[in-house]
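What follows is one structure encoded as structure tokens, with my remarks underneath.
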Amino acid sequence: MSIVKINALTVPAEQREVLEQRFASRAGAVEGSDGFEWFELLRPVEGTDQYLVYTRWRSEEDFQAWMDGPMKAAHQGGGAGGGGGAGGGERPKPAASGSSVWSFEVVQQAAPKQA
């Protein structure tokens, strides 16, 4: 079965809009990656300042290939919205003040019953 990676990002209230805009501007950046299955950006409603970035992958190897390739390039300024490509310029300040990645294996799943 699939694996899930959840990146818990600590985001101060004044940076929430910045974070959401950055994710919106990178739309499509991961969707074509081999083994990619799902993405969700989860905004906290109450009780926390942590956003959750949920991705599901076919395998750990697929996730690592994305981390070592497209994701690394994007965060070094080589990808869309990176801010430091051939045109130069400074990289934008991170919107999150902390990050923690959690890893899970999917052992059970369910979908709505078809009517």
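Note that CD of Gln50 and OG of Ser99 are 9.0 Å apart. Values are rounded to the nearest 0.5 Å. Separation of atoms CH2 (Trp66) and OG1 (Thr55) is listed at 6.5 Å; rounding is to 0.5 Å. Distance CG/Asp49 to CD/Gln15: 12.0 Å, rounded to 0.5 Å.
Sequence neighbours left out, the pairs with a member in residues 1-15 that pass salt bridge (charged side-chain N to carboxylate O under 4.0 Å, His left out) are Lys5-Glu60.
Minimum interatomic distance between Val18 and Ala95 (heavy atoms only, all atoms of both residues): CG1-CB, 4.0 Å. In terms of heavy atoms, Trp57 sits closest to Asp34 at CZ3-O, 4.0 Å.
Ion pairing of Glu17 with Arg22 is absent here, as no side-chain N (NZ or NE/NH1/NH2) approaches a carboxylate O to less than 4.0 Å. For the pair Arg58 and Glu37, the salt-bridge criterion is not met [side-chain N within less than 4.0 Å of a carboxylate O].
Using a 4.5 Å cut-off on side-chain heavy atoms (C-beta onward), Tyr51 and Thr10 make no contact. By the 4.5 Å heavy-atom criterion applied to side chains, Phe36 and Arg56 are not counted as neighbours.
Hydrophobic clustering (side-chain heavy atoms under 4.5 Å, transitive across Ile, Leu, Val, Met, Phe, Trp, Tyr) keeps Val101 apart from Val30.
Alongside Trp102, the hydrophobic cluster contains Met1, Val4, Ile6, Trp38, Leu42, Leu52, Tyr54, Phe104, Val106 (criterion: ILVMFWY side chains under 4.5 Å).
A side-chain donor-acceptor contact under 3.5 Å links Ser59 to the backbone of Asp62.
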